[in-house]
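Fair warning: this is a prediction, and the values are worked out from it, not measured in the lab. Every chain is numbered from 1 and lettered A, B, ... according to where its sequence line falls, protein lines coming before strand lines.
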Number of protein chains: 2
Amino acid sequence: MVDLNTPEGHAGAMLRSFPAKNALPSDDGDIGGIDQIVGFHIRLAYGAVYRHFTETFSDLGLTQKQVSVLWLIDDHPGIAQADIGRRLQMDRATVMAIINRLQKRGFVVRGPSPDDRRRQTLKLTDAGHDGLIAARACILEHEQWLKNRFTPGETAMLIELLRRIHE
Amino acid sequence: MVDLNTPEGHAGAMLRSFPAKNALPSDDGDIGGIDQIVGFHIRLAYGAVYRHFTETFSDLGLTQKQVSVLWLIDDHPGIAQADIGRRLQMDRATVMAIINRLQKRGFVVRGPSPDDRRRQTLKLTDAGHDGLIAARACILEHEQWLKNRFTPGETAMLIELLRRIHE
DNA sequence: CGGCATTGTATGCAAAGCAAACATTATTTT
DNA sequence: AAAATAATGTTTGCTTTGCATACAATGCCG
């Protein structure tokens, strides 16, 4: 699903829109080559996405990670925490914290695993299912906001390039 | 600029390499359309970049934000916190926290502003300058790790697409 | 002058990430 | 079979970030 993380910050839009009076000493129009740095743009883009996500989901009170995890559990009932960590690239302790929050809200339940007593099976409750359904609508809206700036071809290209980074 | 976080594991590679015994109930090979979602890939990519950054910078003990801010102050000595917030898209309170940490480490100093008594001018100390120099080397290495997977044309394309998201 | 915006500041809280340590259970090696 | 490893969940603690809120001082504008 989607993601979520919390993050950080952004920089983009006002990079060169300074009022004259606040002009900086060495405001030569470039930020020291900072905008040739891919990592810089990834972070800003991530931050922008993060913020919009948070806004879109402020009513539901769900974070990116939480929605991601709900989605994953819905797709794979009985999945274990360790699997979630692997799929979403999160630490075991981090997954714990997220599951705990979701459990506290009554969205997921933990149960025993039939074949491996180390594992816990995770399932959505009815409330969790309802939450996810509501979340999916928000995700579509959020995704639309994001995709609006690209042609279908560009979207495919972007996904392909990003995939090379995380795969 | 750059980023950091620390890492974890990666998930990408093992998305479909589950041992038979741990096969998930509905492991149909796709993650519920999740990988058609741009936001999902941005977050995973961000996480991967963040982790690599943190690794690369573990010796220096600097975070993405901290390096970004150092860089910005070095480029614009006398810049104010509010300006940093605007450029890097961070809340004033968040900038405060970052500057406080940098100041505590003796990397930056606050001073009065000649023309606006509400503002504080920020400057790097010698230690801060040295830290930034060391950081720049790490950034190059980190950036190289990132760019290795792309041709120059792809890199330019990626930056262009990402820019549309945060600008 | 009076209202409004800007700036820095302080507090407090939530989410996430990580590390380190444990206990239990599985798996592999010897 | 016994011993060493690995996997899993769990807890605790600490850090960084993000944001809301509130306040005081200062600047700007009508």
* To do: Would you kindly check whether a donor in the side chain of B/R118 faces an acceptor in the base of D/dG27, or vice versa, at under 3.5 angstrom?
  => no
* Structure fact -> Among the nucleotides D/dT10, D/dT8, D/dT17, whichever has the atom closest to the side chain of B/Q66 is D/dT17
* What's the closest nucleotide to the B/A93 side chain, out of D/dT16, D/dC19, D/dT10? -> D/dC19
* To do: Would you mind reading off the distance between A/D115 atom CG and D/dT8 atom P, rounded to a whole angstrom?
  => 12 Å
* Any side-chain N or O of B/Q81 less than 4.0 Å from the OP1 or OP2 oxygen of C/dT6? -> no
* Taking CG from B/L44 and P from C/dG17, how many angstroms apart are they, rounded to a whole number? -> 11 Å
* Asked: Do the rings of A/F40 and B/H166 sit parallel, tilted or perpendicular, given the 30° and 60° boundaries?
  -> perpendicular
* Asked: Could you give the CD1-to-P distance, from A/I99 to D/dT11, as a whole number of Å?
  -> 13 Å
* Structure fact -> Taken to the nearest whole Å, CE/A/M90 to P/D/dT8 is 15 Å
* Taking the side chain as every heavy atom from C-beta outward, state whether B/I165 and A/L158 have any pair of such atoms under 4.5 Å apart. => yes
* Asked: Is the number of heavy atoms from other residues, nucleotides or ligands under 6.0 Å of B/K147 NZ greater than 12?
  -> yes
* Asked: Nearest of C/dT7, C/dT25, D/dT10 to any side-chain atom of B/A82?
  -> C/dT7
* **Nucleotide nearest B/R101 (side chain, heavy atoms from C-beta), chosen from D/dT8, C/dT7, D/dT17** => D/dT17
* **Nearest-Å distance for atom pair CZ/C1', residues B/R92 and C/dA10** => 12 Å
* Check: B/Q81/B/R110 side-chain N/O donor and acceptor closer than 3.5 Å -> yes
* Heavy atoms of other groups near A/H52 NE2, more than 12 under 6.0 Å -> yes
* Quick one: is D/dT8 close enough that its OP1 or OP2 comes under 4.0 Å of any side-chain N or O from A/R110? -> no
* Would you please confirm or rule out a distance under 4.0 Å between OP1 or OP2 of C/dA16 and any side-chain N or O of A/T63? => yes
* **Euclidean distance, atom CE of residue A/M96 to atom P of C/dC22 [Å, nearest integer]** => 17 Å
* Nearest listed nucleotide, side chain of A/Q120, among D/dG9, D/dA22, D/dC19 -> D/dG9
* Asked: Roughly, in whole Å, what's the span from CG in A/D91 to P in C/dA15?
  -> 18 Å
* Under-4.0 Å side-chain N/O to phosphate OP1/OP2 contact, B/T94 with D/dT16 -> no
* **Spacing of A/N100 atom CG relative to C/dA15 atom P, expressed in whole Å** => 12 Å
* Structure fact -> Taking for A/R117 and for A/I98 the nucleotide of DNA chain C with the nearest heavy atom, the one nearer the 5' end belongs to A/I98
